[in-house]
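Each residue takes its place number in the sequence, starting with 1.
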Amino acid sequence: MRALFIGGTGIISMAITRLLSASPEWELFVLNKGSRNNELPPNVKQIKADINDEANTAELIKDLDFDVVADFIAFVPSQLERDYRLFKNKTKQFIFISSASAYQKPLSDYRVSEATPLCNPYWEYSRNKIACEEYLIKIYREDNFPITIVRPSHTYDERYIPLGVHGDKGSWQVVRRMLDGKPVIVHGDGTSLWTMTHNSDFAKAFVGLMGNIHALGEAVQITSDETLTWNQIYAAIAKVLGVEYKPYYVPSDFLSKCSHYDFLGSLVGDKANSVVFDNTKLKRLVPGFTATKRFDAGVREVIENVLSNKALQIEDKEFDIWCDKVITETDSAINRINGGVS
């Protein structure tokens, strides 16, 4: 069977690429601009192109047909309209990577399944993913285009330490604060529920959906079954680092109003909500699947890799200063309030 990944080297897709390349049942092509292609397995066939150059892409794939095409880098409906023009007569299954952040916010039930309504007024990213899903469902119903929609939640790989609150340059500066014995900002009181999924687990489920006739026309979420509080997440990271966990709790609503960083979508529209994912549908479609990488084991591997690789230790002094300022000014405000109460 032949598959084409648009992208194929990101946090989610690289693990799938590596897993699929080891299967004798699949011939895998990746179409991208070349980022991280030096890390691809040698048997993966590369098509170096900008998918947004539709005419050039059409020329490059004119003699190819696929059993599966998966787009990992589509975020708005116009990109899927382009994909439809390119692949409507060239694939037996088209997989779109949506997002679990598209689910209803605030949630009416903490248990999240594919039946949970899609509605997120807080995050444009999520609203765009919803619009993408609506477009795909339309062409599935009207033109029988063979779609499958996949909804990941918080998925991480060996290069990325997953956290709730960090700056624009990633999570390393939060880790640096931990190593320096400084408090780290945690949204809420750290007790809301969350799920972290290692990309190797995600890959196993995703490959099980590829070429799966029962997945056509369906939306399927892929997450771990492990549920953690944010305190447990941060504490697990601190334990691996061998430092004391020093949380500084700040309400998500307050953080969302800070003009310096855009936390409205990522927190109020996503991570500040308690969620427990019900993966019954996924396990019905992919019998035998279960996520096996527990977070404390997965994050240990990630941290060991990051600590041994300077290129992954991206400093963010601006975020560090911002954290200190938030903590200092919040403490001062609390002291003033307490001093004024008899």
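Salt bridge annotation for Glu124-Arg127: absent, with no cationic side-chain nitrogen under 4.0 angstrom from a carboxylate oxygen. Asp331 has no carboxylate O lying under 4.0 Å from a charged side-chain N of Arg336, or vice versa, which leaves the two without a salt bridge. Between Asp201 and Lys204 a salt bridge is recorded (basic side-chain N to carboxylate O distance below 4.0 Å).
In terms of modelled atom types and a separation under 3.5 Å, the side chain of Ser171 and the main chain of Ile161 share a donor-acceptor contact. Proximity of a side-chain donor or acceptor of Asp157 to a complementary backbone N or O of His198 within less than 3.5 Å is not detected. For Ser21 (side chain) and Arg18 (main-chain N/O), a donor-acceptor pair under 3.5 Å exists by modelled atom type. Side-chain atoms of Arg36 come within 3.5 Å of backbone N or O of Thr9 as a donor-acceptor pair. The main-chain N or O of Ala49 is never found under 3.5 Å from a side-chain atom of Asn56 such that the two would form a donor-acceptor pair. Side chain of Thr91 to backbone of Phe87: no donor-acceptor contact under 3.5 angstrom is found. A donor-acceptor pair under 3.5 Å is absent between the side-chain atoms of Asp143 and the main chain of Phe145, judged by distance alone. Under the 3.5 Å distance criterion, the side-chain polar atoms of Ser23 are left unmatched by any main-chain donor or acceptor of Leu20. Under the 3.5 Å distance criterion, the side-chain polar atoms of Gln173 are left unmatched by any main-chain donor or acceptor of Glu315. For Thr148 (side chain) and Ala215 (main-chain N/O), a donor-acceptor pair under 3.5 Å exists by modelled atom type.
Ring-plane geometry between Trp230 and His154 is classed as tilted, the angle between the planes lying from 30 to 60 degrees on a 0 to 90 degree scale. Ring-plane geometry between Tyr125 and Phe75 is classed as tilted, the angle between the planes lying from 30 to 60 degrees on a 0 to 90 degree scale.
Glu226 has its side chain out of reach of Met196: every pair of non-hydrogen atoms, C-beta onward, lies at least 4.5 Å apart. Annotation: side chain of Thr195 is not in contact with side chain of Val276 (no heavy-atom distance under 4.5 Å). You'll find the side chain of Lys48 stays beyond 4.5 Å of the side chain of Lys33, heavy atoms only. Glu25 is not listed as a side-chain neighbour of Met1, based on a closest heavy-atom distance of 4.5 Å or more. Side-chain atoms of Leu107 and Val112, non-hydrogen and from C-beta on, do get closer than 4.5 Å to each other. Side-chain contact between Val184 and Tyr248 is absent, with no heavy-atom pair separated by less than 4.5 Å. Put simply, the side chain of Leu282 reaches to within 4.5 Å of the side chain of Ile222, judged on heavy atoms.
Ile16 is connected to Val286 through a chain of hydrophobic side-chain contacts under 4.5 Å among Ile, Leu, Val, Met, Phe, Trp and Tyr, so both are in one cluster. Cluster annotation: Ile314 is not connected to Val175 through the hydrophobic network of ILVMFWY side chains, with a link wherever side-chain heavy atoms come within less than 4.5 Å. Note on Ile233 and Leu179: same hydrophobic cluster, where clusters join Ile, Leu, Val, Met, Phe, Trp and Tyr whose side-chain heavy atoms are under 4.5 Å apart, directly or indirectly. Grouping the Ile, Leu, Val, Met, Phe, Trp and Tyr side chains by contacts below 4.5 angstrom, directly or via other members, places Phe295 with Met178. Side-chain heavy atoms closer than 4.5 Å link hydrophobic residues (I, L, V, M, F, W, Y) into clusters, and following such links, possibly through other members, connects Val299 to Trp172.
Note on residues 271-281: pairs passing salt bridge (Lys or Arg N to Asp or Glu O under 4.0 Å), not counting sequence neighbours, are Glu218-Lys281. Applying the salt bridge (Lys or Arg N to Asp or Glu O under 4.0 Å) test to every pair with at least one member in residues 256-267, sequence neighbours left out, gives these pairs: Asp253-Lys257.
Nearest heavy atoms, Ser126 versus Ser101: OG-OG, 2.7 Å. The two residues Leu267 and Asn273 have their closest heavy-atom pair at O-ND2, 3.8 Å. In plain terms, the two heavy atoms of Ala272 and Ser252 that are nearest each other are CB-OG, 3.4 Å. Residues Asn199 and Thr155 approach most closely at CA-CG2, 3.8 Å, considering heavy atoms. Between Gly269 and Trp123, the shortest heavy-atom distance links the atoms O-CE3, 4.3 Å. Between Pro183 and Ile327 the shortest heavy-atom distance is CG-CD1, 3.8 Å.
Between the side chains of Ser98 and Glu133, at least one donor-acceptor pair of N or O atoms lies under 3.5 Å. Looking at Thr223 and Asn279, their side chains do bring a donor and an acceptor atom within 3.5 Å of each other. A donor and an acceptor atom, one from each side chain of Tyr245 and Asn231, are located under 3.5 Å apart.
Between Phe94 and Tyr84, a ring centre-to-centre spacing not shorter than 6.0 Å is recorded. Checked against the 6.0 Å centroid threshold, Phe29 and Phe5 do not count as a close aromatic pair. Taking the six-membered ring for Trp, Phe72 and Phe206 have ring centres closer than 6.0 Å.
For the pairing with Glu134, the side chain to side chain contact (heavy atoms under 4.5 Å, CB included) check across Ile137, Ile130, Leu136 returns one residue only, Ile130. The salt bridge (Lys or Arg N to Asp or Glu O under 4.0 Å) test with Asp180 is passed by exactly one of Arg176, Arg177, Lys182: Arg176. In summary, of the residues considered (Ile51, Leu86, Ile97, Thr57), a side chain to side chain contact (heavy atoms under 4.5 Å, CB included) with Ile6 occurs for Ile51 alone.
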Show which side-chain atoms of residues 300-308 pair as donor or acceptor with protein atoms under 3.5 Å away, not counting sequence neighbours.
from: Glu301; atom 1: OE1; to: Lys293; atom 2: NZ; distance (Å): 3.2
from: Glu301; atom 1: OE2; to: Lys293; atom 2: NZ; distance (Å): 2.8
from: Asn305; atom 1: ND2; to: Glu158; atom 2: O; distance (Å): 2.7
from: Ser308; atom 1: OG; to: Glu304; atom 2: O; distance (Å): 3.1
from: Ser308; atom 1: OG; to: Asn305; atom 2: O; distance (Å): 2.9

message: For Lys92 and Phe66: C-alpha separation, side-chain torsions, deciding distance, then whether side-chain contact (heavy atoms from CB on, under 4.5 Å) applies.
response: CA-CA 7 Å; Lys92 298 173 184 175; Phe66 304 97; over 6 Å; no
field: side-chain contact (heavy atoms from CB on, under 4.5 Å) assessment of Leu193 paired with Thr229
entry: CA-CA 5 Å; Leu193 303 177; Thr229 67; 3.9 Å; yes
- prompt: Stepwise, does the side-chain contact (heavy atoms from CB on, under 4.5 Å) test hold for Arg111 with Phe277?
  reply: CA-CA 6 Å; Arg111 294 164 296 188; Phe277 290 98; over 6 Å; no
message: For a side chain to side chain donor-acceptor pair (under 3.5 Å) check, start with the C-alpha distance between Ser113 and Gln221, then their side-chain angles and the critical distance, and finish with the verdict.
response: CA-CA 7 Å; Ser113 74; Gln221 62 191 28; over 6 Å; no
- request: Applying side-chain contact (heavy atoms from CB on, under 4.5 Å), run through Tyr234 and Leu163 and close with a yes or a no.
  value: CA-CA 7 Å; Tyr234 278 81; Leu163 290 166; 3.5 Å; yes
- prompt: Where do Ser274 and Ser192 land on the side chain to side chain donor-acceptor pair (under 3.5 Å) test, with the steps shown first?
  reply: CA-CA 5 Å; Ser274 280; Ser192 60; 4.6 Å; no
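Few gaps surround NE2 on His260; more than 12 heavy atoms of other groups in view lie less than 6.0 Å from it. Other residues, nucleotides and ligands contribute at most 12 non-hydrogen atoms within 6.0 Å of the CZ atom of Arg294. The neighbour count for Lys90 NZ, taken as heavy atoms of other residues, nucleotides or ligands under 6.0 Å away, is above 12. Residue Arg141 qualifies as open at atom CZ: its count of foreign heavy atoms under 6.0 Å is 12 or below.
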